[in-house]
There are 2 protein chains.
Amino acid sequence: MARNVLLLIADDLGRMLGCYGEKAVTTPHIDALAAAGTRFDMAFTSTASCSASRSVIYTGLHTHENGQYGLHHDNHHFMTFDHVETAPALFNRLGHLTGIIGKIHVGPPSVYPWSVREESATRNIGWVARRAETFFQRAKREDRPFFLTIGFVDPHRDMTRGGFGNEEELDPDVERRQYAPEKVTVPPFLPDIEEVRRELSAYYSSVHRLDQGVGRVLAALRAAGLADDTLVCFLSDNGAPFLNSKTTLYDAGVHLPLIMRVPGRQGGVANPNLVSFADVLPTFLDWAGWQGGEGARRGRSVLPILEETALLPDWQIVFGSHTFHEITNYWPTRFLRTPRYKYHRNVAWKLDFPFSGDLYGSLSWEGMRNRSPVMIGQRSLENYIHRPAEELYDLKADPDEVHNLADDPDHMERLSDLRTRMERWQRETGDAWLFRDGVSVRAVSHHLQQGLLLPDRFDFDVTQPGGGDPKRSTSAPVGGLKD
Amino acid sequence: MARNVLLLIADDLGRMLGCYGEKAVTTPHIDALAAAGTRFDMAFTSTASCSASRSVIYTGLHTHENGQYGLHHDNHHFMTFDHVETAPALFNRLGHLTGIIGKIHVGPPSVYPWSVREESATRNIGWVARRAETFFQRAKREDRPFFLTIGFVDPHRDMTRGGFGNEEELDPDVERRQYAPEKVTVPPFLPDIEEVRRELSAYYSSVHRLDQGVGRVLAALRAAGLADDTLVCFLSDNGAPFLNSKTTLYDAGVHLPLIMRVPGRQGGVANPNLVSFADVLPTFLDWAGWQGGEGARRGRSVLPILEETALLPDWQIVFGSHTFHEITNYWPTRFLRTPRYKYHRNVAWKLDFPFSGDLYGSLSWEGMRNRSPVMIGQRSLENYIHRPAEELYDLKADPDEVHNLADDPDHMERLSDLRTRMERWQRETGDAWLFRDGVSVRAVSHHLQQGLLLPDRFDFDVTQPGGGDPKRSTSAPVGGLKD
């Protein structure tokens with residue numbers, strides 16, 4: 001049996017899908033895929049930004065490890081490190097025919113050497129499905145296994161202030177479904193105002209088009225007779241393109257759809273284990289029979305737990321790392337998620353939380369900012385813009401992450417425990433944004449070896465520049481730091 | 001006559017040279033070069049960071065135009081845009097033999113296609129001079145004009161906390177000059193404390209080695225009989241590696257040595273005109289007879305004013321642009337300098353001013369931070385770490401840039417005028433860090449065309465989220481912005 005992989009990536013899609021409980025938008029094809037495979041209910045990307053999140057999917061590494069710190073295109077210009085092993089490079093070595101159709105948004109091309117590279121910004125899923133069909137035929141003709149990625153452009157915003165590409169030219173048989181603003185579901189991370197409803201209705205049309213695209217590509221796979229040899233994975237890069245979601249590490253930004261249909265495995269599974277998008281590539285390699293070792297990848301295959309419906313002890317924590325969206329959006333932050341709690345470490349907390357261009361220009365934000373009081377869903381504007389160095393949330397009591405427990409005396413022990421786990425992970429992953437006294441521990445690691453003492457505090461303190469009690473000026477443990 | 005160029009770049013050298021009035025360090029070879037050519041007394045780099053400053057020299061563009069926003073190596077990973085025309089690419093097209101010996105520190109290599117690429121971190125100037133000699137012989141043998149860059153490693157810090165590479169192995173005939181700490185000149189941007197004097201004495205030894213290197217390379221040029229066909233340019237990438245200098249846009253960081261000796265032109269000139277390192281490449285192209293037009297380059301040739309000893313009306317303003325040093329050192333800031341005034345626009349002023357790893361680990365900073373009060377030269381620690389959105393200095397009255405006049409009612413008109421000039425320049429150069437209301441004007445330029453109004457303020461204000469009086473919510477003029 002060939003061990004093919006078909007990876008379907010939606011652009012800026014939250015969990016607004018029928019199979020994830022959303023009734024107001026119709027997504028029959030994605031729902032059918034979930035019904036035939038495993039729906040991961042606790043899947044998390046590492047960062048809610050397009051290029052960065054995709055790089056995690058393609059490398060099994062967090063962005064502070066792979067160098068794709070932010071957007072790739074135009075003046076943002078972030079690049080994956082040359083030495084990183086990516087999905088197309090690894091599958092080329094496996095002998096697969098590798099290809100990508102649609103949105104790419106990572107680079108440089110030499111690090112992502114897809115053999116077939118059909119970059120396009122079209123939302124015409126008719127074209128997408130035809131290119132996929134041609135690709136499948138070529139793989140069959142050459143009698144080669146394949147790894148194909150489809151980068152759908154939906155449901156990303158278009159370049160207008162409130163649009164989602166719904167006016168774009170499409171094949172005539174693509175359905176243009178319209179949703180009434182009064183019938184959409186306003187998610188809890190957004191306020192129920194007219195502008196939001198209007199944008200959500202346009203967003204739904206875009207999601208519905210995406211769903212048709214998924215259906216067409218899967219139909220082409222079946223028609224080519226390849227469905228039984230192909231692992232199909234559907235996911236999104238980051239949450240919906242609204243404030244409080246995309247570009248944030250709140251759940252609306254990082255808690256995402258992830259569906260896998262693996263030939264020979266059970267269907268209709270709702271898997272509650274916490275999986276990370278860093279696990280995606282290791283899973284594909286596992287499926288494809290990769291024998292080249294674990295490599296530098298951070299993630300691990302989910303195939304052993306694919307059919308689990310119980311929460312396993314070893315799958316109860318995921319981490320995430322965001323540093324940039326646009327080049328002007330520096331806001332390094334890290335999260336740790338357990339089934340119940342979420343810990344955020346905001347390195348540049350003194351900076352206002354930045355707006356990306358698409359969200360700043362949106363009509364929904366214009367609607368929010370001109371109301372009184374300004375609320376971003378359940379979150380006050382003040383809390384959205386000005387964030388503390390640490391945030392701790394009890395997602396069971398507070399699913400919208402608005403009641404910060406970091407200063408709550410009852411949660412001091414938990415805070416300390418999660419902070420310790422976070423920093424251990426930062427050290428293990430060579431995170432340059434592990435800070436002490438306002439500096440990157442990694443940037444001074446050679447000085448630490450020569451006796452430099454780092455005051456044990458996140459930020460520099462001008463009122464106590466010497467660092468206070470020298471006995472407290474202990475070096476952070478840096479054993480795990482990479483050079 | 002061949003039109004050769006020899007570019008000599010010192011690493012982290014301020015104006016501590018005999019020819020710039022510094023008596024305590026001995027630099028006879030650089031002084032002799034100045035005596036035979038033009039010493040620019042008001043030369044400014046655009047940014048006080050190695051890779052970034054070099055990219056300005058090699059492209060004639062500021063870093064927000066060329067993409068080399070910060071350090072190139074290791075996890076910093078900033079890269080010049082692929083479409084940018086660089087010195088080696090242009091001189092290859094001119095038919096010159098292009099080469100670089102020593103420090104490179106910009107990338108990617110495809111954008112900087114030196115034909116001869118001898119990257120090295122050695123401070124053994126004997127080796128450097130021998131490689132230069134070999135290069136000169138090759139150019140002669142091939143009867144080709146050349147463009148050679150020497151990237152000296154001195155007087156950069158080494159990897160120890162207070163060292164400057166003075167223990168490195170060298171050819172036996174390289175002089176190891178020692179300077180007594182009590183005899184160095186403590187520049188006004190540093191406090192006169194023991195640790196600073198100790199580091200300065202080691203720094204002087206490194207500067208003296210650099211000077212010998214310059215002497216040896218120039219001797220090799222003469223010996224090859226090429227001196228009369230070669231424009232020689234000596235400069236540094238950024239100011240001395242101490243707080244208040246390197247990584248800052250204060251004069252100690254950006255006001256640098258620049259010496260040019262052009263065959264057939266007068267010697268011993270002290271030129272008071274304000275020139276920018278963006279002018280270096282256009283000057284080289286002018287000298288070499290480039291006919292390909294001005295290109296996208298920002299700078300202009302200084303050859304027409306080479307022998308000027310009076311300040312000309314058209315050479316009284318320079319601009320600079322700094323965004324990163326290390327990837328963890330985001331601190332976008334811009335400056336404008338006239339003969340008398342300096343204006344700083346600090347975009348991320350809410351962030352503490354960051355420490356680079358080498359400066360944080362230095363013994364001089366350890367000495368400063370443990371004294372009371374902590375002074376960084378004439379500047380208070382508070383003013384060093386916490387900077388306002390705008391700074392305005394009268395360099396005539398206040399050469400150390402410590403008395404900020406931005407809030408001074410007597411200087412409101414000047415502030416407004418300089419701010420306007422700065423923003424015009426930002427628009428002309430497509431600067432993504434021209435901010436309004438906390439967002440990049442460039443990032444929302446497509447929304448502005450569709451009616452988005454940007455409140456006329458630098459930062460977002462949570463207390464007035466709607467932007468206040470809508471009549472004041474005027475879009476910034478964005479006509480000059482590039483896509």
Side-chain angles (χ1 to χ4, degrees), chain A residues 64 67 69 74-75 77-79 81 108 159-161 323 326-330 332 347-348 350-352 354-358 360-362 366 368-372 374 381-382 384-386 430 432-433 435 437-440 442-448 450-452 459-460 462 465-467 483, chain B residues 64 67 69 74-75 77-79 81 108 159-161 323 326-330 332 347-348 350-352 354-358 360-362 366 368-372 374 381-382 384-386 430 432-433 435 437-440 442-448 450-452 459-460 462 465-467 483:
Chain A
H64 62 257
Y69 303 126
D74 194 44
N75 65 326
H77 207 232
F78 289 104
M79 304 267 181
F81 296 136
M159 295 293 278
T160 68
R161 295 192 61 194
T323 303
E326 296 160 6
I327 181 72
T328 49
N329 290 163
Y330 181 77
V347 180
K350 293 184 183 182
L351 267 186
D352 289 5
F355 291 95
S356 65
D358 59 341
Y360 185 91
S362 69
E366 179 147 316
M368 286 180 235
R369 70 186 294 176
N370 288 307
R371 277 177 175 73
S372 181
V374 180
L381 179 64
E382 166 69 23
Y384 187 76
I385 300 292
H386 300 146
W433 284 272
F435 268 48
D437 201 35
V439 299
S440 164
R442 176 172 160 152
V444 295
S445 59
H446 56 298
H447 291 136
L448 292 170
Q450 294 170 29
L452 173 69
D459 299 302
F460 184 71
V462 287
D483 279 332
Chain B
H64 62 256
Y69 303 126
D74 195 43
N75 64 325
H77 207 232
F78 289 105
M79 304 269 181
F81 297 137
M159 295 292 278
T160 67
R161 297 192 59 194
T323 303
E326 297 160 5
I327 180 73
T328 49
N329 289 165
Y330 180 79
V347 181
K350 293 185 182 182
L351 267 186
D352 289 5
F355 291 95
S356 66
D358 59 341
Y360 185 90
S362 69
E366 179 148 317
M368 286 179 235
R369 71 186 295 177
N370 287 306
R371 276 178 177 70
S372 180
V374 180
L381 180 64
E382 167 70 22
Y384 187 75
I385 299 293
H386 300 145
W433 283 272
F435 269 48
D437 201 37
V439 299
S440 165
R442 176 172 162 153
V444 296
S445 59
H446 56 297
H447 291 136
L448 292 170
Q450 295 170 29
L452 172 69
D459 299 302
F460 183 71
V462 288
D483 280 332

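Residue numbers begin at 1 in each chain, while the letters A, B, ... track the order of the sequences. Side-chain atoms are counted along with the backbone in the values below, which use heavy atoms only and exclude waters and symmetry mates.
Looking only at side-chain heavy atoms (C-beta outward), Glu366(A) and Leu452(B) come within less than 4.5 Å of each other.
Residue Tyr384(B) does not touch chain A at all, counting heavy-atom pairs closer than 4.5 Å. Of the atoms belonging to His386(B), it is side-chain heavy atoms, and not backbone ones, that fall under 4.5 Å from chain A. If you measure heavy-atom distances from Glu326(A) to chain B, the contacts under 4.5 Å come from the side chain alone. At a 4.5 Å heavy-atom cutoff, Ser372(A) makes no contact with chain B through either its backbone or its side chain.
Per-residue heavy-atom pair counts under 4.5 Å with chain A were compared for Asn370(B), Asp352(B), Ile327(B), and the maximum is reached by Ile327(B). Most heavy-atom pairs under 4.5 Å with chain B: of the set Arg161(A), Gln450(A), Met79(A), this distinction falls to Arg161(A). With chain B as the partner, the residue from Met159(A), Glu382(A), Met368(A) showing the most heavy-atom pairs under 4.5 Å is Met159(A). Here Phe460(B) is the residue among Phe355(B), Phe435(B), Phe460(B), Tyr69(B) with the most heavy-atom pairs under 4.5 Å with chain A.
Across all their heavy atoms, Asp358(B) and His447(A) have their closest contact at CA-CE1, 3.9 Å.
The aromatic rings of Phe78(B) and Phe78(A) sit tilted, their planes meeting at an angle between 30° and 60°. Ring geometry for Tyr330(B) against Tyr330(A) counts as parallel: the plane angle stays under 30°, on a 0 to 90° scale with 60° as the upper cut.
Aromatic rings of His77(A) and Phe81(B) (six-membered ring for Trp) have centroids within the 6.0 Å cut-off, being under it.
Pro354(B) meets the side chain to side chain contact (heavy atoms under 4.5 Å, CB included) test with Asn329(B), Trp331(B); sequence neighbours excluded.
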